[in-house]
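What follows is a short report on a single structure.
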Amino acid sequence: MTAIWSTEDMARRAAREIPAGAIVNLGIGIPTQVADYLPEGHAWLHSENGLLGTGPFPYEGDEDPNLINAGKQTVTVLPGGSTFDSASSFAMIRGGHVDIAILGAMQVSVRGDLANWAVPGGKVMGIGGAMDLAAGSRHVIAMMQHLTKKQEHKLVATCDYPLTAARVVTLVITDLGVFAPTGEAFRVVELAPGVTRERAAAATGAPLV
Amino acid sequence: MTAIWSTEDMARRAAREIPAGAIVNLGIGIPTQVADYLPEGHAWLHSENGLLGTGPFPYEGDEDPNLINAGKQTVTVLPGGSTFDSASSFAMIRGGHVDIAILGAMQVSVRGDLANWAVPGGKVMGIGGAMDLAAGSRHVIAMMQHLTKKQEHKLVATCDYPLTAARVVTLVITDLGVFAPTGEAFRVVELAPGVTRERAAAATGAPLV
Amino acid sequence: MTGRHGNKVVGSVAEALAPLTDGMTILCGGFGLSGNPEALIRGVIERGVRDLTLVSNNAGNLGKGLAQWLRAGILRKVICSYIGNNDELHTRMASGEVAVEITPQGTLAERMRAAGAGIPAFYTPTGVGTVVEHGKETKEIDGKRYLLERALPGDVALVRAHTSDRFGNLRFWRTARNFNPVMASAAKLSIVECDHLVNNGAIDPDDVHCAGIYVHRIVHVPEHENAFEYRTVRKRP
Amino acid sequence: MTGRHGNKVVGSVAEALAPLTDGMTILCGGFGLSGNPEALIRGVIERGVRDLTLVSNNAGNLGKGLAQWLRAGILRKVICSYIGNNDELHTRMASGEVAVEITPQGTLAERMRAAGAGIPAFYTPTGVGTVVEHGKETKEIDGKRYLLERALPGDVALVRAHTSDRFGNLRFWRTARNFNPVMASAAKLSIVECDHLVNNGAIDPDDVHCAGIYVHRIVHVPEHENAFEYRTVRKRP
C-alpha cells in the first residue's frame, strides 16, 4: 500500500481548514509545511516560544539566531507581529486564544484522544508544548501517515500510546484522506483520489462511517 | 492627651525604617508623607496601579492625568522607573518582591493583625490594594494615631474591626512612639519625646513590654 | 468556524458596540479616571443595553467615567475593589438598586488574568482570615493557608489604548495601562478605543504591550477628556 | 533587613556567581540555544558548585549551552519540557546519573510565573488524562476536570537580556525573551547577563520588558556566540 497523498498534498489539504483571520499554531514536522500553502496575510501563525505573526524563513544572510520558531528554525516576523515571554505565550494557548493547532500524531482514537509525544519503550523526546496546545486550542487537527511503517493502525478505537490529551482532535488528515472522530468511529470527510472506502477501512483500526 | 509626634514626625520616623535599596509601597494618607523624608535615590517607590520608581509631584503645568499613584494623585516617574499592568503589579506584591508596605491603620493587634479597610456599621470605602499589600509584602509597617478621636484604643489585644490581614504587622508607628507586636503584647521600640511609659500603657489596649 | 482576526477596525463607537446585549458582563479598563475608554463608556449608554454586570476597579468617581452608567440605571451588579467617594455607587448600593461585590484589587486582576490564561482557579494568600474568605475553599500548602479564587471572565472588555495597529497590537501610556491588557485577555469580545491608529509594522514586535490576539474590534477616537482626579503639583524651583 | 536594590552591577561573571552553593535549584533562561546566558552557564562550571537541580526548557543541545553542565557532571536533576536530540541528557537519564522530570512547557512556564506572583498552586487543563496527572490532585470545576500544579521557585535564576539599565530593567530581543523574564521573577537571586548596559533613564518606563524589581545582580557581557540550532533560509528572489 503506497501513500496516495504526499506530505505536500496533506499540507495543502490542511491549509484549506484554516479560515481567514485565524490564529494558528503549526507543530513540528509535516504541520510546519502547511504554512507554504497559506495565502499571504490569510492567517496569523503563533510560535509557542513567544512569537505571533511568524513569517517565512529569512533570506540567506538575514538569519538571526534569536528569531526562531518552536522547531528552533530561523524565521522572520511579519508586520503586525509581536514577541512575548513563554508564560504569556502559553497563556494564549491555554486560554483558548489559538483557534487551530495542527499537530503531528502517532495515534488518534475515535474519541479524539491524541498520542503524539512518546512511543512505549522508545526514547522519550519530551512533551514540549504539545500537551498545552492539544488541551488549550479551540480546534486540534492531527496530521500523520495512516499506517505505521510496520503497517500498524494509527487511527484506533483506543490509543495504547501515552496520551497527549483526551477528546481534543476534531479532524485527522492522513495520506489516505480526511477523517473526523465521532466518539465511536471515524467519519470519512474526504478520501484521497483513488482511495476506496474499503482500502481506508482496512487501514483504520476502528469503524469508518 | 495631645499628640506628641505630628504626622510629619511620624513620617520622618517611618522613613528611618527604610534601608537603602528597598522597594517600598506607601499607602494613602499619612504613609504618603514618608516619601518627603527619603533621600533622593534611597529607595524605590511602588504604586500598585502599575508604577515602580514613583517620583515627586510634577511641576505646575507638567501634570499628566495618565501618570498617577494609587491615591490617584498626579506624580512623576524617576529614571530607572517602569510601568506595567495591574496583574503584573500585584504579582510583584503577592510574590513578596515589595520589601516594605507602610499602611494606614484603624486597629493593630498584639498578633500583628491589621484592620484598615472598614469600620463596623460605617460606609464601606472598599479594599483596594490593602489586603494584597498586607498579605504579600515582606514587612508591613502600620501608621496611625494611637487613640481614636473618641479616645478608644487602636493598639489592641484582638481587633474587633474587619481584618485586612492576620499576623502581618511588624511595626506600629503612632503619635506616641514605635511599637512592635510580639504575639502577646506590644514591645516598646521607642517613645516620642516626653511620652512616659505609663502614658503609652494607658493608651494601649494590650500589655506593653 | 470563521477566524476572528480579519479586519477589526470599525468606523464608529456605535458599530463597535453593536454586539452588546442586555445582561452581559462587561470588563471596563481604567484605574480611577486614568486609562478609561471614555467614548465606549458613553456609547454603551446610547446603545441602550441594561442589566449589565460591570467589572471595574473603581466604577467611576466625581460623577465621571462609569458613574454615568450608574446614573443611567443600566447596572445590575458591580464587581470592584474600591468605592471611595464614588457617591453614585454608595447611594445605589445602599438602596439595593445595584449589588456590589468588593474584591481585593490584586485578586480582581489575577482572576481576570486567570480567565485569559485558561486557569479556572488559583490559590492566593490575599484575604485569608478576612471577610473575603467567606464561602470560599481554603487549603493548607506547605504549612500556610490559602484561599481558592475563581477565574473571572467577561462577555465584553472595553479597553483604552494609546496606540493600536490594525491587528490590535496595543501600547499604553504610563499608568493608563492598569487593568486594560488583562481585561482584553479575559473577554470573549474585546473592543479597543485607541487615541492613535497605525498600520501593522509601525509598532516593533518587541514593543507591543498587549498582543492583537486579545483584540477583536478597534475604534479610533482621537479626542479624550482625560480627567484629573487629584491634580497634585509642586512649585517650580 | 537591607534593601536588595542598591548597586547591582558587578565587574565579572565570577563575582556575579559568588553566592551559588552546592545543591541549589537554578532556573536558566533560553529556548533551545536562543536567549541563553552563555557566560553565566560557563561561569557556573568554573564556580565549581555541584548537585544542582536545573530548570530549563531544553537543557542544551548540540553539545552547547547547558549540555556543558551535563558533561561537567554537576547536575543531580533536570526539570525540562523537551529533550529531543540532546544526547548528553539522554545518556545520563538512561544511566540514572541525572533524574529527569518532564513537564509540559506551558505548565513549566506557569509554575514559575506562579512562584514569582505568590500563587502557591493553580488548576490547569494541561495534562489531564495523561501521565502528567500521576500523583497530582484533580478537581472538577464547572463540569471539567483540571490538575493542581504547584509553584516552582528557584534559588537562583540565570537570565540573558539584550539591554539592562543599572536598576536591572530589562529588554529582550525577539524570541530570545522566552523563559528569561518569568525565571527572573521566580528566583530568590536573579543574575542577569546583558549584551548592553545603559544608565537608568535610557529605557523609557513604558518599554521595560522585565522590571528591575526582579533583578539582583547584573554583569555586562558584550560578546556572545549566539549559536544557531537550525539555520533555515530561503533564496533571495
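Residue numbers begin at 1 in each chain, while the letters A, B, ... track the order of the sequences. All heavy atoms count here, side chains included; hydrogens, waters and symmetry mates do not.
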**Request:** Report yes if the side chains of B/Tyr59 and C/Pro237 come closer than 4.5 Å at any heavy-atom pair, otherwise no.
**Result:** yes

**Asked** For C/Phe31 and B/Lys72, which heavy atoms make the closest approach, and how far apart are they?
**Response** CE2-CE, 3.7 Å

**Fill in**
So, the part of C/Pro181 with a heavy atom under 4.5 Å from chain B: the answer is side chain

**Item:** Which portion of B/Ile93 sits near chain C, non-hydrogen atoms under 4.5 angstrom
**Value:** neither

**Prompt:** Looking at B/Pro58, B/Gly136, B/Gly50, B/Ala165, which has the largest count of heavy-atom pairs under 4.5 Å with chain C?
**Reply:** B/Pro58

**Complete:** Tightest non-hydrogen contact, residues C/Pro104 and B/Asp132, listed as CB-OD2, 3.6 Å

**Asked** Any side-chain heavy atom of C/Arg174 sitting closer than 4.5 Å to one from B/Leu51?
**Response** no

**B/Thr83 side chain vs C/Thr175 backbone, donor-acceptor pair below 3.5 Å** = no

**Request:** Decide if atom NZ of C/Lys77 counts as having more than 12 heavy atoms of other residues, nucleotides or ligands within a radius under 6.0 Å.
**Result:** no

**Item:** CZ on C/Arg113 to OG on B/Ser86, rounded to 0.5 Å
**Value:** 14.0 Å

**Asked** Mind checking whether C/Thr126 and B/Met131 have side chains closer than 4.5 Å, heavy atoms only?
**Response** yes

**Request:** Look up atom CH2 in B/Trp117 and atom OG in C/Ser81, then write down how far apart they are to the nearest 0.5 Å.
**Result:** 11.0 Å

**Fill in**
d(C/Arg177 CZ, B/Asn49 CG) to nearest 0.5 Å is 12.0 Å

**Prompt:** Is a salt bridge present between C/Arg236 and B/Asp62, judged by a nitrogen-to-oxygen distance below 4.0 Å?
**Reply:** yes

**Fill in**
Of the listed C/Leu89, C/Asn58, C/Val182, C/Val100, the one with the largest count of heavy-atom pairs under 4.5 Å with chain B is C/Asn58

**Close side-chain approach of C/Thr103 and B/Ile127, heavy atoms under 4.5 Å** = no

**Prompt:** Minimum heavy-atom separation for B/Ala135 to C/Pro125, with atom names?
**Reply:** CB-O, 3.9 Å

**Asked** What do you reckon, is CD of C/Glu133 surrounded by more than 12 foreign heavy atoms closer than 6.0 Å?
**Response** yes

**Message:** Side chains of B/Asp64 and C/Trp173, heavy atoms from C-beta outward: is any pair under 4.5 Å?
**Reply:** yes

**Asked** Between C/Thr124 and B/Arg94, is any pair of side-chain heavy atoms under 4.5 Å apart?
**Response** yes

**Asked** Taking atom SG of C/Cys210 and atom CG of B/Asp85, what is their separation to the nearest 0.5 Å?
**Response** 9.0 Å

**Prompt:** Has B/Glu40 got more than 12 heavy atoms of other residues, nucleotides or ligands less than 6.0 Å from its CD?
**Reply:** no

**Item:** Flag side-chain contact, heavy atom, 4.5 Å: B/Pro56 against C/Arg234
**Value:** yes

**Message:** So which residue, B/Ala70, B/Ala166, B/Gly61, ends up with the most heavy-atom pairs under 4.5 Å with chain C?
**Reply:** B/Ala70

**Note, B/Thr164 side chain near C/Thr130 side chain (heavy atom, < 4.5 Å)** = no

**Asked** Going by residue number, which parts of residues 221-231 of chain C are within reach of chain B, meaning a heavy-atom gap below 4.5 Å?
**Response** C/Asn226, C/Ala227, C/Phe228, C/Glu229, C/Tyr230, C/Arg231

**Complete:** Here the pair of heavy atoms bringing B/Gln73 nearest to C/Thr232 is CB-OG1, 3.3 Å

**Prompt:** Given that the side chain runs from C-beta out, which part of B/Val77 has a heavy atom under 4.5 Å from chain C: side chain, backbone, both or neither?
**Reply:** side chain

**chain B contacts, top residue of C/Gly129, C/Gly84, C/Gly35 (heavy-atom pairs, under 4.5 Å)** = C/Gly84

**Item:** Spacing of CD belonging to C/Glu110 relative to OG belonging to B/Ser88, to within rounding of 0.5 Å
**Value:** 9.5 Å

